[in-house]
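The sequence lines fix the lettering, A, B, ..., with proteins before strands; numbering per chain opens at 1.
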There are 2 protein chains.
Amino acid sequence: MSRKNIETRNRILESTWRLLETDPGNDVRMSDIAKEAGISRQAVYLHFPKRADLLVATTRYLDEVRDIDARLAASRAAKTGLERLDAFIQAWGNYIPEIYGVAKALLAMKDQDEEAYNAWQGRMQAVREGCEAAINALDRDGMLTNALSKKEATDLLWTMLSVRNWEQFRSECNWTQARYIDVTKASARKVLVADGA
Amino acid sequence: MSRKNIETRNRILESTWRLLETDPGNDVRMSDIAKEAGISRQAVYLHFPKRADLLVATTRYLDEVRDIDARLAASRAAKTGLERLDAFIQAWGNYIPEIYGVAKALLAMKDQDEEAYNAWQGRMQAVREGCEAAINALDRDGMLTNALSKKEATDLLWTMLSVRNWEQFRSECNWTQARYIDVTKASARKVLVADGA
DNA sequence: CACAAAACTTGACACCGTGTAAAGTTGACA
DNA sequence: TGTCAACTTTACACGGTGTCAAGTTTTGTG
């Protein structure tokens with residue numbers, strides 16, 4: 001029982017997640033989380049010195065519980081570049097709604113808090129690597145459009161798959177999750193794949 | 001000289017703009033703006049009761065000074081749907097960097113402040129109408145893809161043209177403004193225009 | 001010119017949320 | 001039985017927004 005009490009720690013993470021899931025945004029205060037976890041506000045600070053630490057830890061916790069690695073494995077196993085592109089969009093696109101609450105809170109902090117900024121940046125970098133791998137697979141198949149460099153193609157796919165875009169389609173435009181996935185897959189192909197294919 | 005002093009008001013708006021332009025984000029406090037304008041903090045509150053009011057007024061002020069209407073007129077004058085699409089992307093896409101500072105501050109407030117939310121929503125609605133007009137023009141020419149409904153096509157173009165996406169391309173991916181415009185135009189065509197065209 | 005209203009200043013304060021500090025309580029286990 | 005770690009309780013500093021009230025300067029008008 002080295003690092004405090006692991007049970008309490010997990011209860012805090014679960015509470016944070018639950019609150020952010022039902023009410024995405026920054027309206028979730030440290031005291032709310034403490035109340036939800038059934039402990040004092042100070043106990044939260046005992047485990048997570050800063051709010052940013054807590055949010056970062058919550059995303060890591062979620063990644064572990066929801067096993068994001070296993071999900072992305074499918075896209076890595078794809079044979080063709082097109083399959084890999086589809087599989088990646090499907091895996092990541094369906095993961096976004098599960099982390100959206102926490103992601104939004106982290107996103108809101110990233111302009112004020114250095115640590116939150118780095119944490120978010122790191123996670124997005126991981127997504128970017130997935131995009132890059134898909135682009136490389138497309139290129140290997142000779143399917144990549146010649147209108148874009150590999151870096152540009154990666155940037156473009158990465159931006160298409162941003163949490164903000166998902167948010168806009170789902171919340172602002174009232175698209176269904178399934179439609180979001182389908183249209184994103186189709187758009188990615190049209191934009192990234194060479195014409196005569 | 002009814003509504004306070006119009007000169008002071010404009011000096012506040014100019015100061016807000018200047019500060020947000022050089023340092024986009026929310027680190028700009030009411031006291032910073034007062035100092036920049038050379039007046040007391042309370043005087044700012046005399047003109048703008050809430051921070052959100054000030055930000056909203058600053059965007060309106062910018063729209064007026066930069067004459068966004070005139071710029072969009074070009075796209076409205078376009079003959080074909082394709083021309084209209086290009087012209088709209090060009091006009092709006094080149095306007096974003098000019099309002100980015102203020103937009104970012106407003107964007108950061110919109111999850112906490114009802115008024116900021118509505119103001120941002122209203123402005124984005126105006127952009128959406130521009131997208132809708134372009135889609136309608138495409139459709140009139142029989143150039144709109146049949147893979148998307150007109151609403152979906154509008155949603156898609158609108159999302160492609162979001163301030164967040166511009167931010168990602170320019171800041172995160174280090175694209176030039178010119179490249180951003182070119183790639184966005186090309187992507188929009190690929191995604192929205194019917195294949196055999 | 002005088003004086004009243006408007007514009008602005010000054011200084012104080014309430015409120016909220018984050019984060020810190022310190023002393024007290026509880027329970028495990030050795 | 002005593003000690004240590006986890007947690008509680010209470011209190012407070014800090015920074016930023018927004019409010020309040022009393023005082024001063026500027027401006028327009030009879």
Side-chain angles (χ1 to χ4, degrees), chain A residues 1-16 19-20 23-58 102 104-117 119, chain B residues 1-16 19-20 23-58 102 104-117 119:
Chain A
M1 214 151 290
S2 52
R3 37 176 62 85
K4 323 287 163 162
N5 186 337
I6 195 85
E7 276 182 38
T8 304
R9 184 188 152 93
N10 284 345
R11 220 164 59 240
I12 295 171
L13 294 171
E14 288 277 346
S15 301
T16 305
L19 289 177
L20 285 171
D23 176 26
N26 10 344
D27 301 12
V28 176
R29 290 165 288 272
M30 295 299 268
S31 53
D32 297 326
I33 292 164
K35 193 182 293 177
E36 176 80 11
I39 58 175
S40 69
R41 190 171 69 95
Q42 310 323 316
V44 179
Y45 280 102
L46 243 42
H47 291 266
F48 307 97
K50 316 251 158 192
R51 198 177 116 96
D53 297 331
L54 174 54
L55 293 181
V56 171
T58 305
V102 190
K104 186 166 185 183
L106 206 52
L107 220 33
M109 283 201 78
K110 93 179 172 97
D111 288 317
Q112 279 114 354
D113 187 288
E114 187 71 19
E115 194 177 351
Y117 175 80
Chain B
M1 215 149 288
S2 53
R3 38 179 61 85
K4 324 287 163 164
N5 186 337
I6 197 85
E7 276 182 39
T8 304
R9 184 188 153 93
N10 284 347
R11 219 162 61 239
I12 296 172
L13 293 172
E14 288 277 346
S15 302
T16 306
L19 289 176
L20 285 172
D23 175 27
N26 9 345
D27 300 15
V28 175
R29 291 167 287 273
M30 296 298 270
S31 52
D32 297 327
I33 292 164
K35 192 182 296 175
E36 177 80 10
I39 58 175
S40 71
R41 191 172 67 94
Q42 310 323 316
V44 179
Y45 280 102
L46 241 41
H47 290 267
F48 307 97
K50 316 251 156 189
R51 199 177 115 95
D53 295 332
L54 174 53
L55 293 181
V56 172
T58 306
V102 190
K104 188 167 183 182
L106 205 52
L107 219 33
M109 283 202 78
K110 91 179 174 98
D111 288 316
Q112 279 115 354
D113 187 289
E114 187 71 19
E115 193 177 351
Y117 175 81

- Item | Heavy-atom check, side chain of A:Met109 versus side chain of A:Leu55, under 4.5 Å |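 Of all side-chain heavy-atom pairs linking A:Leu55 with A:Met109, at least one is under 4.5 Å.
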What is the distance, rounded to the nearest whole Å, between atom [atom1] of [X] and atom [atom2] of [N]?
X       : N      : atom1 : atom2 : answer
B:His47 : C:dT9  : NE2   : P     : 9 Å
B:Arg9  : C:dC8  : CZ    : P     : 12 Å
B:Ile33 : D:dT17 : CD1   : C1'   : 12 Å

Check your understanding: For A:Phe48 and A:Ile12, which heavy atoms make the closest approach, and how far apart are they?
Key ->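 Closest approach of A:Phe48 to A:Ile12, heavy atoms only: CE1-CG2, 3.6 Å.
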Looking at A:Asp113 and A:Arg51, is any side-chain nitrogen of the basic one under 4.0 Å from a carboxylate oxygen of the acidic one?
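Salt bridge between A:Arg51 and A:Asp113, a charged N being under 4.0 Å from a carboxylate O: no.
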Can you figure out which of [options] approaches the side chain of [X] most closely?
X       : options                : value
B:Arg41 : C:dT9, D:dT19, D:dC7   : D:dT19
B:Asn5  : C:dC8, D:dT17, D:dA11  : C:dC8
B:Gln42 : D:dC20, C:dG17, C:dG19 : D:dC20
B:Arg29 : C:dC8, D:dT17, C:dG17  : D:dT17
B:Leu46 : C:dT18, C:dT9, D:dT19  : C:dT9

### Message
Does B:Val102 form a side chain to side chain contact (heavy atoms under 4.5 Å, CB included) with B:Thr16? I'd like the steps, not just the answer.
### Response
CA-CA 8 Å; B:Val102 190; B:Thr16 306; 5.9 Å; no
### Message
I want to check one thing: is the phosphate of D:dT19, taken as OP1 and OP2, less than 4.0 Å away from some side-chain N or O of B:Lys50?
### Response
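For D:dT19, OP1 or OP2 has a side-chain N or O of B:Lys50 closer than 4.0 Å.
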